[in-house]
Every structure is written in C-alpha cells, then in structure tokens.
Amino acid sequence: PITVDSGTSEDAVLVEVTNTLTRTVGSFTVAKSANPPSGSTVDPGSVITYSLTVTPGDVGFVNDVVVLDDLSGVLEHATVVADSITAPAGTSATVTDGLLTWTVGTLDAADGPIVLSYQVRVNTDAIGVRLVNVVTGDGEVPPEQCPIDMPAEPAVLAAAGELDPNCSTTHVTPGWTLAKSSAAPSPLLPGSTVTYTLTATNTSEAEVTGALAIDDLSDVLDDATLVQPLPAGLTLTGTTLTWAIPDMAAGSEPVSVTY
C-alpha cells in the first residue's frame, strides 16, 4: 500500500502504477473413436459412426484450434452419410477432397470436452478392403496428442503399423474366392464316378463368417446320381447343392469340401 500524507495542492504526489498481466496459455488433446470399434470387421453396406473429441487442459485457453480428419483412406470405399455431421455449437465442419476440417476456434478450460460425430456407409462393392483414417489437430499451441506435424504421412504410418490408436481408426471388410475342380476317369463311361471339389479362400484381412457356396447341379443330376451321404456342411435342395463354408480367419489356409 502507498500512504500519502495530507497537505496542500502544492504537495500533491503523482503515483504511477503498472500492472503486468501474464496470460496462462492452455493446452488440449485430440482423439478419435469409432462404432464399431477400430479393428472391427464391417460388412459392405454397413454404417460406421466416427467421433472426434477435443479436450482442453485444466487452465487457460487456446486460440485458433482446428482439427483435420484425413478421410482419403475411407472415402475410397465409403460415402459420408448425408446430414450426419454433428458439430458442437459455435464450431463448424466441412468435408472437401477427402479432408474433414473442424474449426473449433477458442477452446477454454471451462468448456470441457467437445465432440463432433459423423457417419459413413461402406460401399456395397467394398470387398476385402481396409478403411483407415487419421485425425490431427493444431492451434496457437499444438495438441498434446495427434499433432499436425506427424513424422510421416498417415498412409506411410498406417502401412508400417505405427499409427497412434488415439489418433486413427481402422476397419476391414471380408473378401473370399471360390473355385471348383473335378476328377474323372478317361474315358468317362456309364457307372463311373466323378469327384468334385469346392475350395474357398479368404483373400482379406478380415475373418469370413457365414459364407455360402451355391452349386447348380441341374445339368449333372439329369444324367447322374449324387453319392450319399453328403459330407458335413453340404445340403441338397432339388438340384441345388449348398455348402455352408466354415469360418475362415484372416491369413488362414483355404478350406475345401469334396462330393
């Protein structure tokens, strides 16, 4: 405190006070999640819901916060669901050339976490593919995770398996092939036996479940009789043979059935 003794106007004292204001610069983090969770198998035609979360630090504020979600590895095989982008009040989001830009602006410690969500629908022809994307953030200070200046392009990091799981999501779709072969004596005479083999191969990074193979035997059974009993997994309805293909894990050996 400053005390000025009483006196005349000629005794007036000029007091100059300088207050120094020191701003506490805040911090923030960026994260991404998905439903179904990252790492899941999704079917063509299904919907994935993505969520981007920005969480401020405990004190201060950060200006010019922006979040960039690289969808180039998703939109090759999926489409953003119309009107599905839901941005918090006071923020905005756009998708241009495979990049979702979420403009947050000023993020204050009092704001708490804020979340943007959107959906994509996997294309019906997306067979045996991977959908991967990466989120990064920037501002007057970089985020504590998922900074915009990552050491390599997202595609390079994804191929090397070095993506931060907090900053990226990956989904795969199933894909498989079916082949048929036959073995018969030569010459083929009445009463001879022909052996057919169906072979299924998982060609994707996903597990293949619930697959069926349909074998039309109408041009066979008009001149031949199917040897019974049939192997497990085969059923005959009329002249149509159906094979319930066993589940095939990614990278597994082909599975076959013979009749």
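Along the sequence shown, residues are numbered consecutively beginning with 1.
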To the nearest 0.5 Å, what is the distance between [atom1] on [X] and [atom2] on [Y]?
X: L107; Y: I114; atom1: CG; atom2: CD1; value: 5.5 Å
X: L230; Y: L241; atom1: CG; atom2: CG; value: 6.0 Å
X: C167; Y: L52; atom1: SG; atom2: CG; value: 11.0 Å
X: L226; Y: Y196; atom1: CG; atom2: OH; value: 10.0 Å
X: M248; Y: E253; atom1: CE; atom2: CD; value: 12.0 Å

[X] and [Y]: which non-hydrogen atoms are nearest, and at how many Å?
X: Y259; Y: L217; value: OH-CD2, 3.5 Å
X: I245; Y: L212; value: CD1-C, 4.1 Å
X: T258; Y: P231; value: O-CG, 3.0 Å
X: F28; Y: P142; value: CE2-C, 4.1 Å
X: S252; Y: A249; value: OG-O, 2.7 Å
X: L75; Y: G98; value: CD1-CA, 4.1 Å

Scan side-chain atoms only and decide if [X] and [Y] contain a donor-acceptor pair under the 3.5 Å cut-off.
X: S218; Y: T239; answer: no
X: N63; Y: T106; answer: yes
X: W176; Y: S204; answer: no
X: D138; Y: T136; answer: no
X: S38; Y: T170; answer: no
X: T240; Y: D215; answer: no

Under 3.5 Å: donor-acceptor pair, side chain of [X], backbone of [Y]:
X: H171; Y: V74; value: no
X: T173; Y: G128; value: yes
X: Q119; Y: S84; value: no
X: N35; Y: P37; value: no
X: N202; Y: A206; value: yes
X: R121; Y: T79; value: no
X: D223; Y: V220; value: no
X: S192; Y: L188; value: no

- prompt: Step by step, would you call D70 with N133 a side chain to side chain contact (heavy atoms under 4.5 Å, CB included)?
  reply: CA-CA 6 Å; D70 184 351; N133 64 347; 5.5 Å; no

task: Tell me whether V67 is reachable from Y118 by hopping between hydrophobic residues (I, L, V, M, F, W, Y) whose side-chain heavy atoms are closer than 4.5 Å.
output: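 Yes, same cluster.
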
Option passing side chain to side chain donor-acceptor pair (under 3.5 Å) with K32 (candidates T53, N166, D69):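 Between K32 and the candidates, side chain to side chain donor-acceptor pair (under 3.5 Å) is satisfied uniquely by D69.
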
message: With a 6.0 Å cut-off (strictly less than), is the heavy-atom count around CG of D58, excluding the residue itself, greater than 12?
response: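 No, CG of D58 has 12 or fewer neighbouring heavy atoms, counting only those of other groups under 6.0 Å.
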
- prompt: Are there more than 12 heavy atoms of other residues, nucleotides or ligands under 6.0 Å from atom CD of Q228?
  reply: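 More than 12 heavy atoms, drawn from other residues, nucleotides or ligands, come within 6.0 Å of this atom.
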
